[in-house]
Peer 1: 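Got a structure here, written out as structure tokens. Questions coming.
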Amino acid sequence: MQTYSRLRINNTMNHKDPSDHVIISHAMTLKMPLISSDTRFPYYKRQGLDFVFNEK
């Protein structure tokens, strides 16, 4: 919850999905890569997310 509370939200892409924010925060806290095809997730790499884009 500490990571979640400090997460800067991607307002540029109107990313308001709280479930995504929990998933992102959890991956950051555990220092685990997050693999997704969500185009809004790369924004969070600047905050420490280890993100791998999965092309469909």
Peer 1: Please step through side-chain contact (heavy atoms from CB on, under 4.5 Å) for the pair Thr39 and Phe53, ending with a clear verdict.
Peer 2: CA-CA 8 Å; Thr39 58; Phe53 187 76; 4.3 Å; yes
Peer 1: Minimum heavy-atom separation for Gln47 and Met28, please, with both atom names.
Peer 2: O-CE, 3.0 Å
Peer 1: With rounding to the nearest 0.5 Å, note down the distance linking CG in Asp38 to CD1 in Ile24.
Peer 2: 7.5 Å
Peer 1: What is the distance from atom CD1 of Ile23 to atom CG of Asp17, rounded to the nearest 0.5 Å?
Peer 2: 7.5 Å
Peer 1: Step by step, work out the side-chain contact (heavy atoms from CB on, under 4.5 Å) result for His15 and His21.
Peer 2: CA-CA 9 Å; His15 190 207; His21 301 150; 3.7 Å; yes
Peer 1: To the nearest 0.5 Å, what is the distance between NE2 (His26) and OG1 (Thr3)?
Peer 2: 10.5 Å
Peer 1: Check Asn54 against Ser37 and note the closest heavy-atom contact, atom names and distance.
Peer 2: O-CB, 3.0 Å
Peer 1: Taking all atoms of both residues into account, what is the closest heavy-atom pair of Tyr44 and Arg8, and its distance?
Peer 2: CE2-O, 3.2 Å
Peer 1: Which pair of heavy atoms, one from Leu34 and one from Leu49, lies closest together, and at what distance?
Peer 2: CB-CD1, 3.9 Å
Peer 1: Relative to the ring of Phe41, is the ring of Phe51 parallel (under 30°), tilted (30 to 60°) or perpendicular (over 60°)?
Peer 2: perpendicular
Peer 1: Any chance you could measure Met1, atom CE, to Ser25, atom OG, to the nearest 0.5 Å?
Peer 2: 8.0 Å
Peer 1: If we only count heavy atoms from C-beta on, is the Tyr43 to Ile9 side-chain gap below 4.5 Å?
Peer 2: no
